[in-house]
Asks: 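Structure incoming, see below.
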Amino acid sequence: MTAFRTDLPPEATYPERHPDAPEPGAELPPHYVSCFGCGPGQPHGLHLRIVAGEGLDLSATFEVTADHQGAPGLAHGGLLASAMDEILGQLGHITRMSCVTARLETDFRRPVPVGSTLCLAARVDGVAGRKLYASGEGHLGAPDGPVAVRARALFVQVGLEHFTTHGRPDELDAIRRDPSMITHIGDYTLNP
Ligand SMILES: CCCCCCCCCC(=O)SCCNC(=O)CCNC(=O)[C@H](O)C(C)(C)COP(=O)(O)OP(=O)(O)OC[C@H]1O[C@@H](n2cnc3c(N)ncnc32)[C@H](O)[C@@H]1OP(=O)(O)O
């Protein structure tokens with residue numbers, strides 16, 4: 001059987017919780033105010049509120065509304081994948097790695113009706129150099145409810161140049177004018 005490309009490589013290690021990681025129980029700050037997944041300033045976004053766990057783990061709730069439909073009255077799978085991408089990516093807050101998604105695998109196990117609450121859980125599985133491996137689930141109705149979606153992902157740590165090289169100048173300029181629009185994960189800043 002072909003191995004998933006998100007399978008942990010033999011050289012992966014399980015890191016310590018970073019001393020600067022948010023306290024267990026603390027709500028994570030949005031990493032970017034206009035982020036589709038977590039940004040409070042993004043009117044079309046998911047507005048996930050993500051909470052740090054005791055270890056290398058996070059939880060969140062996703063309220064599924066009529067705006068998230070694919071089939072009548074049911075959530076769109078791409079939206080569910082987006083929610084998983086967001087919570088998995090935010091594990092970088094716990095390891096203090098500023099990462100982007102390189103690969104995201106999702107299994108859709110049950111339909112998710114509009115009006116339901118999806119309780120998301122995510123954890124670090126290991127780190128190998130710049131690569132962070134993570135997995136998570138979305139449970140229907142309660143943290144121990146039936147699993148509706150599972151995801152595994154590989155994130156790759158990037159430096160500031162990833163965003164300054166590829167990002168649109170308008171948004172980068174806005175952040176230079178108001179650095180509070182982003183939460184710094186690494187020790188870099190957009191201001192020269
Ligand atoms: C705390 C922060 C909170 C952030 C939350 C954010 C949540 C949302 C996250 C996102 O949605 S980010 C947006 C979607 N992702 C992207 O736009 C990333 C686009 N891809 C890239 O920019 C580059 O492909 C990437 C930075 C991921 C990698 O390019 P690099 O040139 O830096 O590295 P390279 O290609 O050498 O890959 C590094 C390692 O990862 C491996 N790799 C890269 N892509 C892979 C892939 N798709 N599958 C498996 N392995 C992969 C690659 O084989 C290699 O392994 P080795 O180190 O063992 O040689």
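Order of listing sets the numbers, starting from 1, for every ligand and every atom in it.
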Asks: Are Leu88 and Tyr14 in one and the same hydrophobic cluster, where Ile, Leu, Val, Met, Phe, Trp and Tyr link if side-chain heavy atoms are under 4.5 Å apart?
Replies: yes
Asks: Spell out, as yes or no, whether a donor-acceptor pair under 3.5 Å connects the side chain of Asp57 to the backbone of Ala52.
Replies: no
Asks: Can you tell me if Ser34 and Gln42 form a side-chain donor-acceptor pair at under 3.5 Å?
Replies: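 There is no such pair (donor and acceptor under 3.5 Å, judged by atom type) between the side chains of Ser34 and Gln42.
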Asks: So Arg123 and Glu137, salt bridge (charged side-chain N to carboxylate O under 4.0 Å, His left out) or not? Walk me through it.
Replies: CA-CA 10 Å; Arg123 67 203 67 84; Glu137 306 82 35; 2.8 Å; yes
Asks: Would you say the ring centers of His68 and Phe62 fall short of 6.0 Å from each other?
Replies: yes
Asks: Same cluster for Leu28 and Met84 if Ile/Leu/Val/Met/Phe/Trp/Tyr side chains link at under 4.5 Å?
Replies: yes
Asks: For each nitrogen or oxygen atom of ligand 1, which protein N/O atoms lie closer than 3.5 Å, and how far apart are they, rounded to 0.1 Å?
Replies:
| from | atom 1 | to | atom 2 | distance (Å) |
| --- | --- | --- | --- | --- |
| ligand 1 | 11 (O) | Asp85 | OD2 | 2.7 |
| ligand 1 | 11 (O) | Thr101 | OG1 | 3.3 |
| ligand 1 | 15 (N) | Thr101 | O | 3.0 |
| ligand 1 | 32 (O) | Arg130 | NH1 | 3.4 |
| ligand 1 | 32 (O) | Arg130 | NH2 | 2.7 |
| ligand 1 | 33 (O) | Arg130 | NH1 | 3.4 |
| ligand 1 | 47 (N) | Ala102 | O | 2.9 |
| ligand 1 | 55 (O) | Lys131 | NZ | 3.4 |
| ligand 1 | 58 (O) | Lys131 | NZ | 2.7 |

